[in-house]
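Let me begin by presenting the structure, written as structure tokens, before commenting on it.
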Amino acid sequence: MGVIESLAPADWARQLGNPEGEIGLAVIERVYESNSKSSVKTVAALGLNAGSHVLEIGFGNGRMTPEVIGQAENIRYAGLDISPTMVAEAERLNAALVAAGRASFYLGSAEHMPFPDSSFDCVFSIGVAHFWSAPDKALSEIRRVLRPGGLSMMGCLHPLTAPLFARPENGFYLRDAAEWERLHQSVGFVDVQVQEIEIPQIDAAGAQVKRYVFKMEAHA
Ligand SMILES: C[S@@+](CC[C@H](N)C(=O)[O-])C[C@H]1O[C@@H](n2cnc3c(N)ncnc32)[C@H](O)[C@@H]1O
């Protein structure tokens, strides 16, 4: 059994929410392998135009960064993550894009973003919103840093098929579609759409499983 297969569920959960050290790197690489096909679809669905300024919250190891930048000419990418391990790894894996000024990775949280108002055309996150204990703070920050009319898109766990460890004591806060819709509207988002999507995934033990996730879209 490998190191990450032998992790206790609570440790696996903690590494998902704030990856640390060699184990955190391995856990997030596994997440990337498991989610990459649906993440590529999510990025394509952003419909990015040439010159767009895009923010990804919770970029993990930053493997999706080249995919984002490849969507159109002159896209500028910023990433924000609470894990110093992930910031260092994303900068390492995307060193050429960082050196060319096309990508920047910031240490910080969705709830307190280090960006001025109206900085981005699009903000997205994959597998992150279920870690927010105060989602109204994160959503109002997303709306603040988006230009008027800008797009927010997020994918997160659905309570119906979330793993058993995804509980508040392990840093997971699951919400249903109506609650996510209400939260978006309460901070002023418009055109809010919360969709249920079925995706195949590989679980911590390497087994193929079917999961539902939410895909949420809204405009500032
Ligand atoms: C499960 S990983 C998902 C990584 C990547 N998006 C993917 O799908 O492969 C969650 C990431 O979100 C980050 N994260 C968790 N809470 C966050 C917050 N409040 N603000 C910013 N990043 C956060 C974690 O550090 C981690 O890198």
Side-chain angles (χ1 to χ4, degrees), residues 1-46 54-68 77 79-94 103 105-110 123-133 138 153-168 170-175 196-216:
M1 203 194 285
V3 180
I4 57 173
E5 280 77 16
S6 61
L7 277 180
D11 293 331
W12 175 262
R14 190 172 50 80
Q15 288 290 358
L16 289 173
N18 191 346
E20 210 181 347
E22 290 301 317
I23 293 181
L25 290 171
V27 165
I28 294 303
E29 185 62 17
R30 172 67 63 85
V31 170
Y32 168 74
E33 285 163 9
S34 169
N35 291 352
S36 62
K37 279 194 190 136
S38 66
S39 299
V40 164
K41 282 189 194 161
T42 301
V43 168
L46 297 173
V54 183
L55 171 65
E56 180 176 10
I57 299 171
F59 49 75
N61 56 17
R63 288 209 185 269
M64 289 310 292
T65 305
E67 187 71 26
V68 175
Y77 171 100
L80 179 72
D81 200 291
I82 54 168
S83 160
T85 301
M86 291 298 109
V87 172
E89 180 69 349
E91 284 180 338
R92 188 184 72 80
L93 289 173
N94 295 287
F105 297 95
Y106 298 85
L107 182 65
S109 77
V123 177
F124 79 101
S125 71
I126 300 173
V128 184
H130 44 245
F131 295 115
W132 297 339
S133 59
M153 193 183 284
M154 308 195 292
C156 75
L157 286 177
H158 190 301
L160 211 60
T161 55
L164 285 178
F165 60 68
R167 296 193 299 260
N170 291 328
F172 284 75
Y173 302 90
L174 304 179
R175 300 171 180 94
E196 205 173 83
I197 311 264
E198 187 183 316
I199 56 161
Q201 267 200 339
I202 299 163
D203 71 8
Q208 187 86 34
V209 289
K210 227 183 233 183
R211 289 218 197 288
Y212 293 102
V213 293
F214 287 129
K215 179 179 171 218
M216 305 187 267

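No experiment lies behind these values; they were computed from the predicted model shown.
Between Arg63 and Glu29 there is a salt bridge, since at least one side-chain N of the basic residue sits less than 4.0 Å from a carboxylate O of the acidic one. One finds a salt bridge joining Lys210 and Glu198 here, because a Lys/Arg side-chain nitrogen approaches an Asp/Glu carboxylate oxygen to under 4.0 Å.
For the pair Lys215 and Met153, the minimum side-chain heavy-atom distance is below 4.5 Å. Side chains of Tyr77 and Glu56 form a contact here, defined as non-hydrogen atoms less than 4.5 Å apart. Side-chain contact between Val54 and Phe124 is present, with heavy atoms from C-beta onward closer than 4.5 Å. In this structure, Leu7 and Val27 have side chains that are in contact, with non-hydrogen atoms separated by less than 4.5 Å. Side-chain atoms of Asn170 and Trp12, non-hydrogen and from C-beta on, never get closer than 4.5 Å to each other. For the pair Leu107 and Met86, the minimum side-chain heavy-atom distance is 4.5 Å or more. With a 4.5 Å cut-off on side-chain heavy atoms, His130 and Trp132 do not count as touching. In this structure the side chain of Leu16 reaches within 4.5 angstrom of the side chain of Phe131, judged on heavy atoms.
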Please tabulate, one pair per line, all N/O donor-acceptor pairs under 3.5 Å involving side-chain atoms of residues 17-26, not counting sequence neighbours.
none

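Checked by atom type and distance alone, the side chain of Arg211 never pairs as donor or acceptor with a backbone atom of Ile199 at under 3.5 Å. The main-chain N or O of Asn35 is found under 3.5 Å from a side-chain atom of Ser39 such that the two form a donor-acceptor pair.
Nearest heavy-atom pair, Asn61 versus Glu89, reported as atom, atom and distance to 0.1 Å: CB-CG, 3.8 Å. The two residues Gly79 and Phe59 have their closest heavy-atom pair at C-CE2, 3.3 Å. For the pair Ala103 and Thr65, the tightest heavy-atom approach, listed with the atom from each and the gap, is CB-CG2, 3.9 Å. The two atoms that bring Ser125 and Ile57 nearest to each other are CB-O, 3.2 Å, heavy atoms only. Closest heavy-atom contact between Gly60 and Asp81: N-OD2, 3.2 Å.
Annotation: side chain to side chain contact (heavy atoms under 4.5 Å, CB included) contacts of Pro66 (sequence neighbours excluded): Asn94, Leu97.
The cationic group of Arg167 does not satisfy the cation-pi geometry with Phe172, failing either the under 6.0 Å distance to the six-membered ring centre or the 45° limit from the ring axis.
Considering CZ of Phe105 and CG of Leu93, their distance stands at 8.5 Å, rounded to 0.5 Å. Ile197 contributes atom CD1, which lies 10.5 Å from atom CZ of Phe214 (distance to the nearest 0.5 angstrom).
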Legend entry - Pair Arg175-Tyr173, side chain to side chain contact (heavy atoms under 4.5 Å, CB included): steps then yes or no: CA-CA 7 Å; Arg175 300 171 180 94; Tyr173 302 90; 3.4 Å; yes

Inset, instruction - Just do the side chain to side chain contact (heavy atoms under 4.5 Å, CB included) check on Met154 and Ile126 with the steps written out, would you? - result: CA-CA 6 Å; Met154 308 195 292; Ile126 300 173; over 6 Å; no

Legend entry - Audit row: Tyr212, Leu157, side chain to side chain contact (heavy atoms under 4.5 Å, CB included) steps and yes/no: CA-CA 7 Å; Tyr212 293 102; Leu157 286 177; over 6 Å; no

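Residue pairs meeting the salt bridge (charged side-chain N to carboxylate O under 4.0 Å, His left out) criterion with at least one member in residues 33-45, sequence neighbours excluded, do not occur.
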